[in-house]
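The structure appears right after this line, and notes come after that.
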Amino acid sequence: MRLNIHHETIYHYAAPASYSIQYLRLTPPSVPGQRVLSWKLSAPATLKPWMDTFGNQAHVLVIDQPHEEIRLLATGEVESDEGEFLISREGEIHPPALFLRPTRLTEASANLSEFASALRPALSKGRRKGLGDLMHAIRDAVSYQPGITDAATSAFEAFDHKAGVCQDHAHIFIACCKILGIPARYVSGYLCTAKLGEEGMASHAWAEAWIDEDGAKGWATFDVANRTQAGEAHVRLAHGLDYLDACPVRGIRKGGRGEALDVSVHVGESSHEPKRPTARESARKRASEQSQQ
Amino acid sequence: MLSRTAENLYWTGRYMERAENLARLLDVSFRAALLPAADAGPAADWQAALDMLGITEIYKTKYGNVTQDSVIVFLTLDTSHPFSIKFCIDQARENARALRATLSAELWESLNITWLEMNNITRQILASRGPRTIFDWVKERSHLFRGVAYSTLLHNDAFHFLRLGTHLERADNTARLLAAKERSLASLPPKSGTVYYQWGAVLRSVSAFRAYTLIYRDVIDPVRVAELLILKAEMPRSLRFCLDQIAASLDTLAMGRDLECRRIAMETQSRLTYSRIEHVESQGIDAFLTDTLGRVNMLGIQIGRDFLMTV
Amino acid sequence: MDAFDEMRGPNGTVAEAYQAVAEWLYATPSRLLDEKRREAEILFRRIGITFNVYGEDAGTERLIPFDIIPRSLAPWEWTKLSRGLEQRVRALDAFLADIYHEQEILKAGKIPSHKVLGNVLYRPEMQGIEVPGGVYVQIAGIDVVRTEPDRFFVLEDNLRTPSGVSYMLEDRAVMMRLFPDLFAKAKVAPIDHYPHELLRTLRSVCPAHAGADPVVVLLTPGPYNSAYFEHAFLAERMGIELVEGQDLFVQDDAVFMRTTLGPRRVDVIYRRLDDEFIDPLAFNPDSSLGVPGLLSVYRKGGVTLANAIGTGVADDKSIYPYVPDMIRFYLGEDPLLENVPTWLLERPEDLAYALDHLPELVVKETQGSGGYGMLVGPKSSKQEIEDFRQKIKANPEGYIAQPTLALSTCPTFTDEGIAPRHVDLRPFILHGKNSISMVPGGLTRVALRQGSLVVNSSQGGGTKDTWVLEE
C-alpha cells in the first residue's frame with residue numbers, strides 16, 4: 001500500500017529564544033516491510049545529518065538567531081507491506097542482547113514483574129505466540145486514554161495508572177520482555193488510522209521483540225495499542241531502547257519562554273481519488289519533549 | 001577570552017563600584033541630614049536617596065515611614081533588593097569566585113576579606129561603630145580593590161573588562177546623582193545657604209570638594225559643580241573621565257573590529273569632550289544628563305551583545 | 001596483621017630508597033618537623049588547595065591533610081611498576097576498542113556478554129564509531145597497593161575522570177620549598193612537567209581537521225564541584241581555557257566556545273564531567289552542565305573527548321576481575337601486576353563463601369567509589385557486619401568481595417610522633433596517539449588513623465609526596 005505522509009510541527013515562543021538545538025528523527029528508513037518512495041524534511045535552518053546511536057537517520061537543527069517559531073515539515077510517500085515477517089538485524093550496529101539494558105522509562109516494579117512472570121507458561125509454547133498473549137494481556141490491563149500520562153511516565157507508572165497512550169503500551173511491553181529475558185525495543189513512526197484506526201493517533205509508537213526459534217531470527221513487531229503487528233498501516237521512523245532514543249524531536253533552547261506546540265499529521269492512502277486527510281491530529285499543548293534551558 | 005569570564009569581570013567591577021557609590025550616597029545623605037533643612041522635613045534627604053535609586057516603593061512596603069535608621073539599614077545590610085552594600089559585595093565576590101584562573105591571588109584575597117568582614121557587620125555593629133565608620137570602610141575596601149587590580153593584574157583584556165564595569169557604573173551613578181540634585185534644588189534661590197551646603201555635600205560625596213576649590217578658587221556655584229562633574233577630564237568621577245576610560249578600553253578590546261558599542265562610546269565621549277557648560281546650561285542640565293544616562297544604559301546593553309554571554 | 005613497612009625491615013634495617021629520608025628524620029629535631037608541618041599547612045591554605053574550594057561558607061573549606069614525610073620508591077621498583085601499568089592501560093584501551101566494535105572478547109566467551117552490554121557504564125552511543133587517534137583512555141589513574149617488597153596489586157582502575165594529580169604536583173612543590181636541602185641530597189625524579197605532558201597527549205589525539213595547532217579546553221562542572229580547584233589548576237598550568245557547558249555550543253557539526261572575539265572552534269575537550277551529563281539531548285535530559293548536541297559532533301569525528309564516552313565499563317568493579325584475561329587476550333602477555341583475587345557475589349558459590357567469611361573480607365559495591373558503600377571486615381563490629389550481610393543478600397550482584405590485603409606502611413607524622421600508616425599509590429598514565437607516558441611516582445594516599453586501610457580523602461585520608469629515586 002502506498003501512504004502519503006504530511007507531518008508538520010510548529011513551536012511558538014511568547015518571548016524569543018536566542019539559540020535552539022534539536023535532534024530530529026523524522027526520516028523513515030527503507031527496511032523490510034517499507035520502501036521510501038520520496039521524502040522531504042524541511043526546517044528553518046540547515047539540517048546536519050548524522051547516524052544516531054541506533055543507526056537511525058537523524059538530523060541536527062541549530063538556530064542561533066533570535067526566533068519566535070520553529071516550523072518543521074516532513075512529507076513524502078512510503079510503500080508498505082502486510083505480512084508475517086521478521087525484520088532481520090542485518091546491518092544493525094548492536095547485537096539483540098543490547099536491548100535488555102535497563103532504562104528509566106522501561107523500569108519495572110514488583111507489580112509489573114509479577115504480571116509479566118504470569119506469561120511464562122505461554123512463552124514455553126513459542127516465543128512469538130507467547131508475546132502475542134502478552135500484548136493482549138497488557139492491552140486488557142491498560143486502557144487507551146490520553147491525558148493520564150506524559151512523555152516522562154515510566155512503564156510501571158503507566159501500568160499502575162491502568163491507562164496510557166501507545167508510548168506507554170510500548171514501554172510496558174518492553175519492560176515485561178526484559179523481565180522475561182527477551183530483548184525488546186521501542187519504535188516510533190506513523191499510523192494510517194483510516195486503515196487501522198481503532199485506537200491511536202497518526203503519530204504512533206510500538207514495540208519489537210527479538211525472536212530466535214525454529215530457525216527464524218529477527219525482530220517481531222507488536223503494536224500493543226492496536227493489538228496487532230505492524231503492517232501496511234505502519235510507517236517506521238526510528239527505534240531505540242525507549243521513547244527518549246527514538247522520539248521524532250528532542251531539543252533544548254536558550255530563552256524562549258512560553259512555548260506552545262502545534263502538531264498536525266496526515267497519513268493517507270495514495271490513490272487516484274483527490275487527496276484527502278484520512279487521519280488528522282492537531283494538538284496544541286505544552287511540549288513535553290522540549291525543555292527550556 | 002571566554003565571554004563568561006569577561007562577563008564575570010565586568011560585573012565584579014560594576015558591583016564593587018556600586019557598593020562604593022552606595023556608601024558615598026549614604027555618607028552624603030547623612031551629612032546633609034545634619035544641616036538645617038530649609039522647608040523640607042528631616043527625612044527629606046533620605047527620601048531623596050531612595051528616589052534617586054528608584055526603590056522607594058520596595059522600601060515602603062517593607063519598612064513604612066522613611067527614617068534615617070531604617071534607610072541606612074535598608075541600603076547597607078538588606079540583601080532582599082539589589083541596592084544594598086551587602087548585596088553588591090556578595091555579587092562582586094560571587095562573580096569573582098568563577099575567575100580563579102584570571103584574578104591575581106592578591107585581588108581575590110582582598111575581595112574575599114571584604115566579603116568576610118561584611119558578613120560580620122550586623123545592625124548592632126552598624127549602630128555601635130557608627131554608620132559613617134562603615135561607609136568609610138567600604139570606600140577604603142573599594143579603593144584597595146582597584147589599587148590591587150591595577151598593580152597585580154596583567155593589563156590585558158581582563159583588566160579592561162573590569163575597568164569597563166567600574167566606569168560604566170560610575171558614569172551611571174554620577175549622572176543620576178547630579179540629575180537628582182538638579183531637580184531637588186532647582187526651586188531654591190541660587191544663592192541661598194541651603195544650596196551652598198547641598199552642593200557642597202554633593203562635591204564631598206564624590207571627593208571633589210578640594211578639586212573644586214583648586215580649580216575654581218571661588219564659592220560653590222551649581223553650574224560650575226555641573227561643569228566639574230560632567231565635563232572635566234581630570235576629575236576622576238566626572239562623566240567625561242568615565243567615558244574617556246570606557247572608550248579607551250573598548251578601543252583595545254575591539255581589536256580593530258567595527259563594534260556598535262565602541263561607536264556609542266565614542267559618540268558619547270565626543271559630546272562630553274566638545275561641549276561647553278554654557279551650551280549645556282542653555283539646553284538644560286537636567287535634559288543633558290537624562291540624555292547621557294540613556295546613552296550609558298544603551299552602551300551597557302551593547303557591550304553585553306558585543307562581548308558577553310547576553311544574546 | 002603484620003604489614004610490610006616500606007622504610008624499615010623487621011630487623012631494623014633501612015631500605016635503600018629511604019636512606020636519605022631516614023637520615024633526615026634522624027637529624028631533624030621533632031620540634032622543627034612540627035614547625036615545618038604547620039608551615040606546610042599555611043602554604044596549602046594560601047595556594048588554596050582545599051577540598052571543597054570556595055564552598056558556600058569559607059570557614060568550612062577543608063584541606064586534605066598533607067604528611068611531610070615522603071614516600072620513596074627505588075628506580076627498579078618504579079621500572080617494574082610502570083611497565084605493568086603501561087601493559088594494563090594498553091589492554092584496557094584494547095578492550096574498549098573491541099567492545100565498541102567487533103566484541104571479540106564477548107564472542108570468545110571470556111567475559112559474559114550481559115556484563116558488558118547490560119552494564120550502565122557501557123554506552124551504546126559509542127558502538128561502531130572511530131575515536132580520534134584510536135585512543136579511549138587518554139588519562140588513567142590506577143590505584144596500586146603493595147604487600148611485600150616485590151608484590152604490587154592493582155586495586156582499582158580509574159578510567160573516567162580520575163582526579164588527584166594537582167595534589168601530586170602541589171605536594172612536591174611544597175616539599176621542595178620546605179626542605180630544599182633534602183632534595184639536594186636525594187636524587188628525586190622530577191614530576192612538574194606533568195601539565196606539559198598532559199597537553200601534549202591531548203593535542204596528539206585531536207581530530208584530523210584540527211591541523212597543527214588544535215584548540216584544547218578543559219570542561220568543568222563548575223565551581224561547586226569538589227575537584228574544581230584541580231580543574232582550574234590544570235587549565236592554568238596548561239594555558240588552556242577552563243570552560244563550563246554554557247561556554248560551549250554546537251553549530252555546523254562543530255563545537256564552539258563563546259569568546260569576546262566571537263565563536264572559536266574547539267578541537268579537544270578534556271572533560272571532567274561524567275558521561276551522563278555531557279549532552280542533555282542524548283543522556284540525562286535534566287543536565288544543565290553539558291553541551292546540547294555534543295554527541296552528534298562527536299559521533300561524526302568533529303571533536304575529541306578525553307576521556308572518551310563509555311570508558312567506565314572498563315573500570316567497573318564487576319569487570320575488574322577480567323582484566324588479567326584481557327591482557328592475555330589482547331596482548332598475548334602475562335600480566336605484570338597482580339589483580340586482587342575477587343569473588344563476584346552474583347555467583348552463588350562466591351556469595352556463599354563470602355557470607356561465611358565476612359569478618360575477613362573487604363566487600364565493595366560494584367559501581368561505588370570514594371570508599372563509600374564498603375565493608376572492611378576485620379575493622380568492623382559484629383553489628384556492622386550483620387547490617388552489611390543484609391544489604392548483600394538483598395542485592396548480591398551489586399557487590400564484590402576481596403581478601404583484606406596487608407597494605408604496606410610508611411612512616412607518617414602523627415599526634416603520637418612518627419608511626420607507620422597504610423598507604424596506596426595512584427600513578428597517572430597518559431595515553432596519546434602513539435605513546436604512553438607517565439611522570440615518575442603518582443599520588444600517595446595515606447590512612448591517617450592508626451590501623452585504618454581506607455585512604456580516601458573523603459574518609460580521613462591524607463597525601464604524601466611520592467619520590468622515585470634516580471639511578
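Order of the sequence lines sets the chain letters (A, B, ...), proteins ahead of strands, with each chain counted from 1. Remember, predicted model here, so these are calculated numbers, not experimental data. The figures here come from the full heavy-atom set of this structure, side chains too, leaving out hydrogens, waters and symmetry mates.
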So for B:L253, is it side chain, backbone, both, or neither that comes closer than 4.5 Å to the heavy atoms of chain C?
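Interface part for B:L253: backbone (N, CA, C, O).
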Looking only at heavy atoms and a cut-off of under 4.5 Å, which of B:M255, B:R4, B:R257 has the most pairs with chain C?
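Sorted descending by pairs with chain C, the first entry is B:R4.
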Restricting to pairs with a member in residues 109-125 of chain B, which pass salt bridge (charged side-chain N to carboxylate O under 4.0 Å, His left out), not counting sequence neighbours?
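For residues 109-125 of chain B: none.
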Chain B contact via C:V217 - side chain, backbone, both or neither, heavy atoms under 4.5 Å:
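Neither part.
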If I measure from the heavy atoms of chain B, does C:L242 come under 4.5 Å with its side chain, its backbone, both, or neither?
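It is the backbone, since no side chain atom gets that close.
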Cation-pi geometry met for C:K36 and C:F179 (6.0 Å, 45°)
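Positive - C:K36 is close enough to the ring of C:F179 and near enough to its axis.
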Locate the shortest heavy-atom distance separating B:L168 from B:I246; write the atom from each residue and the value.
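Minimum heavy-atom separation between B:L168 and B:I246: CD1-CD1, 3.3 Å.
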Holding to side chain to side chain donor-acceptor pair (under 3.5 Å), I want the full list of residues that pass it with B:K139, two or more places apart in sequence or in another chain.
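Testing B:K139 for side chain to side chain donor-acceptor pair (under 3.5 Å), a comparison that skips the adjacent residues, returns none.
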